[in-house]
*Asks:* 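The structure is given below, and queries will be raised subsequently.
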Amino acid sequence: MDVTPILQDLNDAQRQAVTAPLEPLLVIAGAGSGKTRVLTHRAAWLIDVEGVPPQGLLAVTFTNKAAAEMRGRIESLLEMPVRHLWIGTFHGLAHRLLRRHWQDAKLPQNFQIIDSDDQQRIIKRMLRSLEVDDSRWVPREIQYFINAQKDEGLRPQHLHDEGDPNRRQFISLYQTYQETCDRGGLVDFAELLLRAHELWRDNPDILAHYQRRFRHLLVDEFQDTNAIQYAWLRLLAGEQGVPFVVGDDDQSIYRWRGARVEHIYRFQKDFPSAGVVKLEQNYRSTATILNAANAVIANNGSRMGKNLWTEGAEGEPIRVYSAYNERDEADFIVGRLRDWSDQGNARADAAVLYRSNAQSRVLEEGLINAGLPYRVYGGLRFFERAEIKDALAYLRLTSNRDDDNAFERVVNKPTRGIGARTVEAMRDYARANSCSLWRAAGAVASDGLSGRASASVVAFLNLIERAARDTENLDLHEKVDHVIQMSGLIDLFRKEKGEQGATRIENLEELVSAARSFEGDPADEMSPLDAFLAHAALESGEGQADAWEDCVQLMTMHSAKGLEFPLVFLCGMEDGLFPHQRSVADANGLEEERRLCYVGITRAKQTLYISYAEQRRLHGMDRLSPPSRFIAEIPADYVEEIRPRVQVSRPVQPRRSSRSSSLPSNGTEAGVHLGQRVRHQKFGEGVILNCEGQGAHARVEVNFESSGTKWLVLSYANLDLM
DNA sequence: TACTATTTAATTTTT
DNA sequence: TTAAATAGTA
């Protein structure tokens with residue numbers, strides 16, 4: 001056996017991990033240290049060298065993208081397709097199990113997956129039907145509570161109110177929510193994991209079967225596992241299993257979503273024979289960037305401890321820009337991006353990272369003005385679009401009449417004379433007889449509604465029945481197409497004014513072609529339609545968007561995890577924004593923010609800019625905030641300040657001071673500072689954004705309220721201070 | 001039922 | 001500021 005292809009191009013630590021004995025192993029993989037490479041080469045090693053059959057291997061990731069990438073890389077290493085290899089997300093694999101063992105999992109065979117949007121609708125509907133005040137019991141909070149419990153593996157019966165009436169209400173709502181889902185055969189994301197765990201826990205023979213089959217477990221992003229995912233892995237590993245887990249405790253940024261970095265520390269206790277390998281050699285960034293990242297993260301306590309290093313060059317210093325305000329910051333970034341692009345670099349190699357999505361706005365404005373193409377990550381995904389969810393709701397109804405969620409969504413869309421009143425009557429009936437809305441609709445239509453309303457309801461019921469019958473034997477994409485045609489959605493969107501409607505119709509067409517290219521797993525015992533619906537819920541459709549023009553990448557630091565760019569901007573680096581106000585209160589929160597900063601810094605390969613604004617307009621209010629404390633944690637040796645920090649003075653109380661003095665025409669001294677309000681004879685009022693030069697050549701950049709930003713020579717401009 | 005006014009709240013997000 | 005959700009009106 002020639003093991004060269006598997007082992008060549010691996011460094012010592014990587015090779016140690018890949019060729020480790022068949023014992024549990026924890027790999028601490030720093031940013032850019034070849035994590036995916038180790039994972040995929042290990043898989044190839046197990047199959048090719050250790051003789052593990054591909055079906056004996058289970059690989060788990062968090063995103064579909066990571067799963068697809070892993071499969072692709074393993075296949076190209078082994079130079080063959082590995083169909084029997086189970087690679088997937090926790091949710092995808094759990095789903096697969098539940099489909100196979102739906103009876104033992106106590107689910108109806110045609111159970112359907114709901115996303116968090118559906119989940120929230122169900123909760124709102126439940127509150128309304130229970131007549132619970134939704135301003136006191138906020139749907140979002142209830143949703144969060146329910147998911148948090150499920151993430152911990154807890155059912156309502158495991159919870160105690162502890163004498164707290166508030167908590168009692170939450171628990172009771174959780175209970176009701178679960179009953180609603182069970183009645184409709186609906187499974188939310190957390191439920192997939194919880195059910196899959198219970199399936200194994202309560203059925204030792206099934207568990208034993210999978211334990212025998214999957215001796216080798218490969219886990220990616222191990223620091224992001226939540227309690228139920230970890231419990232699931234442990235069950236599967238049992239006594240004989242060989243988990244190979246890869247993670248980085250310094251990149252754990254999803255605690256608020258239930259992820260517990262502690263699992264990394266716990267792993268060695270739960271698997272005493274486990275070895276540990278640290279990957280610290282970085283192949284991505286310059287030494288300067290790595291040193292900065294190391295220095296920042298060193299301020300966190302409770303780490304495994306790790307120090308990234310590189311054989312590469314020291315590189316450029318990190319440039320820190322102190323902007324006057326967010327517009328100035330955007331101007332600066334756009335200027336650099338334009339230079340980058342003008343120098344012949346790919347725009348897609350540049351990324352602007354920020355803490356919160358709202359920050360993209362100013363940047364976008366700047367980029368539009370400069371005519372630089374850009375792409376903002378993190379909008380609605382394909383399958384989350386309203387029109388797509390409408391169409392899917394029709395499809396769901398044809399597959400499962402009892403899906404109340406789908407029923408409510410489209411019963412009057414397009415409007416067909418089934419108003420709030422009628423729906424209310426159906427809800428009442430459904431509640432009184434604990435049946436689905438579908439059955440309630442049938443009952444109410446024949447007795448209890450006005451003739452007109454009744455006719456409308458019957459027409460709707462017939463429409464769905466007819467859609468189901470007519471498309472029964474059609475191929476999936478024809479079925480999707482037909483149901484969309486029959487639904488009347490196309491006409492509805494055609495009437496919509498503006499481009500919106502046209503876009504929606506295009507998206508519906510796209511849905512048909514998504515169905516055409518969809519290939520379900522023939523091993524699954526699901527109808528192609530159910531498989532497609534599950535696919536739509538589990539893969540929100542990131543890959544749907546194709547072929548982007550070469551453009552600058554805008555995204556949050558969270559969504560940048562796992563990516564890398566030659567040129568990176570970290571912007572909005574101000575205390576209160578980053579670290580975020582809501583996180584600074586407790587030490588855990590602050591440490592997570594610091595890890596996020598570590599993630600941000602380590603995205604950069606060559607050039608890193610950090611910027612902050614002295615003054616920022618947030619929620620319509622101007623706020624002054626100090627630079628992020630994380631900036632000060634970067635040793636000065638690695639930093640080059642582009643413009644020294646300028647102190648912005650708080651605006652004088654009466655905003656318009658009556659005494660305005662003329663500027664001295666001979667220089668930048670006395671009274672000219674960034675943020676100073678000035679008035680120009682022609683351009684009106686504005687704010688100084690920038691100054692440059694001295695004496696007769698001194699110039700200032702002023703942002704005028706009515707005429708935009710301009711550079712003016714001080715000695716000619718005759719500005720009045722205000 | 002559709003459009004308009006008012007209110008409210010505002011990290012991060014994958015499945 | 002602004003986007004979304006709700007309440008009120010034609």
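In what follows, chains are A, B, ... by sequence order, proteins preceding strands, each numbered from 1. Every value quoted in this text rests on a predicted model; they were computed, and no experiment measured them.
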*Asks:* So, A:E424 and A:R427, do they make that salt bridge, N to O below 4.0 Å?
*Replies:*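 Looking at A:R427 together with A:E424, the answer is yes, because their closest N to O distance falls below 4.0 Å.
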*Asks:* Just how far, in rounded Å, is P of B:dT13 from CZ of A:R140?
*Replies:*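 Distance check: A:R140 CZ to B:dT13 P gives 12 Å.
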*Asks:* So, does A:T415 get its side chain near the phosphate of B:dA2, meaning an N or O under 4.0 Å from OP1 or OP2?
*Replies:*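 For B:dA2, OP1 or OP2 has a side-chain N or O of A:T415 closer than 4.0 Å.
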*Asks:* Answer with base, sugar-phosphate or nothing: what part of the nucleic acid does A:G419 contact at a heavy-atom distance below 4.0 Å?
*Replies:*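 Answer is sugar-phosphate: A:G419 comes under 4.0 Å of backbone atoms only.
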*Asks:* Given atom CD1 of A:I253 and atom P of B:dT13, what is their separation to the nearest angstrom?
*Replies:*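 Value for this atom pair: 9 Å.
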*Asks:* Could you report the tightest heavy-atom contact between A:E593 and A:S583, atom names first, then the distance?
*Replies:*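 Reported closest heavy-atom pair: OE2-OG, 3.2 Å.
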*Asks:* Whole-Å distance between B:dA2 C1' and A:L492 CG?
*Replies:*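 Rounded to whole Å, this separation is 12 Å.
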*Asks:* A:N405 pairs by side-chain hydrogen bond (donor to acceptor under 3.5 Å, both in side chains) with which of A:R125, A:R396, A:Q119?
*Replies:*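 That would be A:R125.
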*Asks:* Tell me if a side-chain donor or acceptor on A:H263 pairs with a main-chain N or O of A:T225 at a distance below 3.5 Å.
*Replies:*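 Here the side-chain-to-backbone pair exists.
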*Asks:* State, with a plain yes or no, whether a side-chain heavy atom of A:W232 is found less than 4.5 Å away from one of A:L193.
*Replies:*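 The answer is no; the side chains never approach within 4.5 Å.
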*Asks:* Which residues satisfy the side-chain hydrogen bond (donor to acceptor under 3.5 Å, both in side chains) test with A:Q229, sequence neighbours excluded?
*Replies:*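 If we apply the side-chain hydrogen bond (donor to acceptor under 3.5 Å, both in side chains) test to A:Q229, skipping adjacent residues, there are no hits.
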*Asks:* Give one of base, sugar-phosphate or nothing for A:N357, where a contact means two heavy atoms less than 4.0 Å apart.
*Replies:*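 Sugar-phosphate, no base atom in range.
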*Asks:* Once side-chain contact (heavy atoms from CB on, under 4.5 Å) is applied, do any residues pair with A:N64, and if so which ones, sequence neighbours excluded?
*Replies:*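 Expected list: A:T89, A:E539.
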*Asks:* Specify the closest pair of heavy atoms between A:R603 and A:K561, including all atoms of both residues, with the distance to one decimal.
*Replies:*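 Scanning both residues completely, I find the closest heavy atoms to be NH1-C, 4.2 Å.
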*Asks:* Is A:R381 near enough to B:dT14 that one of its side-chain N or O atoms lies under 4.0 angstrom from OP1 or OP2?
*Replies:*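 True: A:R381 side-chain N/O within range (under 4.0 Å) of B:dT14 OP1/OP2.
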*Asks:* At less than 4.0 Å, is any side-chain N or O atom of A:T556 found next to OP1 or OP2 of B:dT13? Yes or no.
*Replies:*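 Checking A:T556 against B:dT13: at least one side-chain N or O falls below 4.0 Å of OP1 or OP2.
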*Asks:* Counting just side-chain N and O atoms, does A:N64 come under 4.0 Å of either OP1 or OP2 of B:dT14?
*Replies:*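 For A:N64, the contact criterion (side-chain N or O under 4.0 Å from OP1 or OP2 of B:dT14) is not met.
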*Asks:* I need the minimum non-hydrogen distance between A:C571 and A:L363, along with the two atoms involved.
*Replies:*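 Where A:C571 meets A:L363 most closely, the heavy atoms are SG-CD1, 4.0 Å.
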*Asks:* Would you measure the distance from the P atom in C:dA5 across to the matching atom in B:dT12 and give it in whole Å?
*Replies:*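 After rounding to an integer number of Å, I get 15 Å for this pair.
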*Asks:* What stems involve DNA chain B, if each pair must be Watson-Crick or G-U and both of its distances must be under 3.5 Å, with 3 or more such pairs in a row?
*Replies:*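 Runs of three or more consecutive pairs: B:1-10 with C:1-10.
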*Asks:* Can you tell me which nucleotide in B:dA10, B:dT15, B:dA2 comes closest to the side chain of A:H619?
*Replies:*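 Closest of the options to the side chain of A:H619: B:dA10.
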*Asks:* Write down the distance between OH (A:Y354) and P (B:dT12), rounded to a whole number of angstrom.
*Replies:*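 Roughly 10 Å, once rounded to whole Å.
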*Asks:* Within this structure, what is the CD-to-P distance between A:Q359 and B:dA10, rounded to whole angstrom?
*Replies:*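 Nearest whole value for this atom pair: 17 Å.
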*Asks:* Would A:W86 and A:F214 count as a close aromatic pair, with their ring centres under 6.0 Å?
*Replies:*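 Yes, the ring of A:W86 comes within the 6.0 Å limit of the ring of A:F214, centre to centre.
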*Asks:* Rounding to a whole Å, what distance do you find between A:D220:CG and B:dT15:C1'?
*Replies:*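 Distance, rounded to whole Å: 15 Å.
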*Asks:* Phosphate oxygens OP1/OP2 of B:dT14: is one of them under 4.0 Å from a side-chain N or O of A:S116?
*Replies:*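 Indeed not, no polar side-chain atom of A:S116 lies that close.
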*Asks:* Looking for any heavy atom pair under 4.0 Å, which part of the strands does A:D117 touch: base, sugar-phosphate only, or nothing?
*Replies:*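 Nothing, no nucleic acid heavy atom in range.
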*Asks:* May I have the distance from A:Y144 (atom OH) to B:dT11 (atom C1'), rounded to whole angstrom?
*Replies:*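 These atoms are roughly 12 Å apart.
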*Asks:* Could you check A:G417 against A:F90 and say which one's nearest nucleotide on DNA chain B is further toward the 5' end?
*Replies:*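 The 5'-side residue here is A:G417.
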*Asks:* By centroid distance (under 5.5 Å) and plane angle (under 30°), are A:F62 and B:dT15 in a stacked arrangement?
*Replies:*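 No.
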*Asks:* Reading DNA chain C 5' to 3', which nucleotide is the first, and which the last, to come under 4.0 Å of any heavy atom in chain A?
*Replies:*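 Listed 5' to 3', the contact boundaries are C:dT1 to C:dA3.
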*Asks:* Here's a test for you: under salt bridge (Lys or Arg N to Asp or Glu O under 4.0 Å), which of A:E262, A:E592, A:E591 qualifies with A:R255?
*Replies:*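 Result for salt bridge (Lys or Arg N to Asp or Glu O under 4.0 Å) with A:R255: A:E262.
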*Asks:* Within the 4.0 Å heavy-atom criterion, would you say A:D115 contacts the bases, only the backbone, or no part of the nucleic acid?
*Replies:*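 The residue A:D115 makes no contact with any strand.
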*Asks:* Of the options A:R303, A:R595, A:R594, which is the one that meets A:D250 in a salt bridge (Lys or Arg N to Asp or Glu O under 4.0 Å)?
*Replies:*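 Answer after filtering A:R303, A:R595, A:R594: A:R303.
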*Asks:* Can you check the A:W232 CH2 to B:dT15 P distance for me, whole Å?
*Replies:*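 In whole Å, B:dT15 P and A:W232 CH2 are 16 Å from each other.
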*Asks:* Can you sort out the partners of A:N110 under side-chain hydrogen bond (donor to acceptor under 3.5 Å, both in side chains), two or more places apart, ordered by chain and number?
*Replies:*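 Applying side-chain hydrogen bond (donor to acceptor under 3.5 Å, both in side chains) to A:N110 gives none.
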*Asks:* Tell me which residues in residues 574-583 of chain A lie within less than 4.0 Å of DNA chain B, going by non-hydrogen atoms.
*Replies:*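 Heavy-atom cutoff 4.0 Å gives A:H580, A:R582, A:S583.
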